Amino acid sequence: MSYVDEIIEAVVAKNPSEPEFHQAVKEVLNSLRPVVDANEDKYRREAILERLVEPERQMKFRVPWVDDKGQVQVNTGYRVQFNSAIGPYKGGLRLHPSVNLGIIKFLGFEQIFKNSLTGLPIGGGKGGSDFDPKGKSDREVMAFCQSFMTELCKYIGENTDVPAGDIGTGAREIGYLYGQYKRLTGLYEGVLTGKGLSYGGSLARTEATGYGLLYLTQEMLKMNGIDIAGKTAAVSGSGNVAIYAIQKAQQLGVKVLTCSDSNGWVYDPNGIDVAALKEIKEVKRARLTEYKNYRPNSEYHEGRGVWTVKVDLALPCATQNELHLEDAKALVANGVTAVAEGANMPTTLEATEYLQEQGVLFAPGKAANAGGVATSALEMSQNSERLSWTFEEVDAKLQGIMVNICHNMADAAERYGFAKNYVVGANIAGFEKVVDAMLAQGVV
Ligand code: NDP
Ligand code: 2IT
């Protein structure tokens with residue numbers, strides 16, 4: 001059996017009930033076959049793959065807090081510090097009822113390669129909790145965040161592990177977490193990113209993931225002789241990534257016809273109204289059913305369906321495994337040109353393979369959504385030098401990083417004989433730097 005197959009089998013056996021982690025490992029390791037085959041003896045002796053799939057450290061802890069009725073609630077908190085070969089652990093905190101260890105491990109594993117692709121010195125980590133911020137008062141969210149940080153603060157620091165936002169963790173949560181970290185440790189340091197602008201945050205971090213997704217998509221199309229202007233797009237989700245993806249798409253001349261939340265989706269034939277979306281989601285924290293009040297010509301549909309609309313570009317920006325094989329078939333039947341992942345692992349393995357077989361340009365999340373963590377690393381730099389850069393400076397750096405990632409994934413794919421397979425290219429390009437650092441640092 002090949003080294004890659006042995007490790008995949010061992011991961012499945014050793015980590016039962018973690019299907020998302022298995023999925024992420026399979027996608028990455030299958031892509032790495034050409035590199036692993038070329039270096040099999042050395043990698044086996046050094047147990048490179050065994051070390052790669054085993055987190056350096058994983059914390060799981062109780063998070064007790066008191067709700068508005070005086071009732072004590074208990075959630076589970078996680079932080080997985082996956083790989084620090086190229087820098088301090090870096091990755092978001094997800095707050096969603098579906099969170100479990102397997103979800104955090106898949107996200108932490110992906111983060112290793114994504115962070116490497118940015119070209120910046122950040123290792124891979126991820127954390128979160130099964131706490132659901134939806135429907136909670138600000139006081140309840142603060143109580144949870146303070147309790148969560150009371151434990152988390154033991155494991156993080158500006159030079160060790162720097163968490164940030166993800167699903168359910170936005171500016172409000174980062175503020176409460178930062179305040180509690182400072183109170184407990186007495187340190188005013190860049191221990192979290194995505195901070196508010198008045199206390200060390202970076203301009204353009206809020207926009208970075210969505211903007212970066214469009215910068216990479218634009219470049220990928222350009223490399224293939226296609227102009228993004230004038231295209232139509234379907235976006236899923238209506239959170240941080242989706243909102244700023246829609247905004248940048250529109251700035252680039254793309255008409256975005258859809259967005260969604262976990263209850264349903266919106267079709268707006270005139271193009272999604274970003275100002276309305278921001279008010280509904282960022283200010284009112286309401287549901288997408290409200291969108292019709294702003295745009296009477298739009299349609300709201302319960303359930304899934306964004307991928308049934310005829311578009312040139314599909315940008316999944318909600319969550320993992322939200323684009324299935326039948327969705328990929330519908331997109332292809334409607335003549336889709338490209339799929340670029342704003343979310344982490346939104347496309348199932350079968351759907352990804354089908355899209356690639358059908359000649360659809362496919363940008364994997366670890367490349368396409370790396371703009372968020374890249375700008376987080378720029379926030380760390382600004383915090384270290386105690387300076388703030390302008391929006392234009394940060395945005396220009398972000399653009400440069402995304403264009404670079406695009407070329408690096410394309411070049412790596414071509415070098416190994418998989419031209420235009422950006423999944424293979426991104427995994428190999430991300431892996432090369434990490435494995436080089438791991439080998440140089442010895443058995444740790
Ligand atoms: P938000 O919490 O701001 O928004 C998440 C959006 O996705 C909401 O519209 C939400 O709908 C929807 N959603 C979440 N879970 C589900 C689900 N199980 N089924 C259907 N819809 C769902 O999160 P972000 O925009 O920050 O994150 C979106 C994705 O992008 C995630 O995969 C995240 O890991 C990834 N990502 C985020 C980065 C960042 O900087 N924030 C960086 C890189 C990747 P509802 O409100 O109904 O729950
Ligand atoms: O998935 C991701 O890359 C993020 N949620 C952002 C992580 C970060 O540290 O900014």
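Counting begins at 1 with the first residue of the sequence. Everything quoted here is computed from the prediction, not taken from an experiment. First listed ligand is number 1; within each ligand, the first listed atom is number 1.
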| Close-range residues for ligand 2, whose non-hydrogen atoms fall below the 4.0 Å threshold | K90, G91, G92, Q111, K114, K126, A164, G165, D166, R205, N344, G372, V373, S376
| message | I'd like to know if K154 pairs up with E151 as an ion pair, taking the criterion as any Lys NZ or Arg NE/NH1/NH2 lying under 4.0 Å from an Asp or Glu carboxylate oxygen. | response | yes
| task | In plain terms, say whether K231 and D312 are close enough for a salt bridge, that is, a side-chain N and a carboxylate O under 4.0 Å apart. | result | no
| query | Counting heavy atoms not belonging to R183, are there more than 12 under 6.0 Å from its CZ? | reply | no
| field | Over 12 foreign heavy atoms within 6.0 Å of NZ, K284 | value | yes
| task | Using side-chain hydrogen bond (donor to acceptor under 3.5 Å, both in side chains) as the criterion, list what pairs up with S202, not counting sequence neighbours. | result | Q382
| query | N427: what forms a side-chain hydrogen bond (donor to acceptor under 3.5 Å, both in side chains) with it, not counting sequence neighbours? | reply | E27, S31, K366
| request: Identify, chain by chain and in numerical order, each protein residue with a heavy atom under 4.0 Å from an atom of ligand 1. | output: R94, H96, K114, K134, D166, I167, G168, R205, T209, G237, S238, G239, N240, V241, S260, D261, S262, R287, C317, A318, T319, G342, A343, N344, N369
| said: Assess, by modelled atom type and distance only, whether the side chains of D268 and Y291 contain a donor and an acceptor separated by less than 3.5 Å. | reply: yes
| remark: The residue among V25, V435, L29 that forms side-chain contact (heavy atoms from CB on, under 4.5 Å) with L49 is L29
| When F148 is tested against each of W65, F131, F61 for ring-ring contact (aromatic ring centres under 6.0 Å, His included), which residue passes? | F61
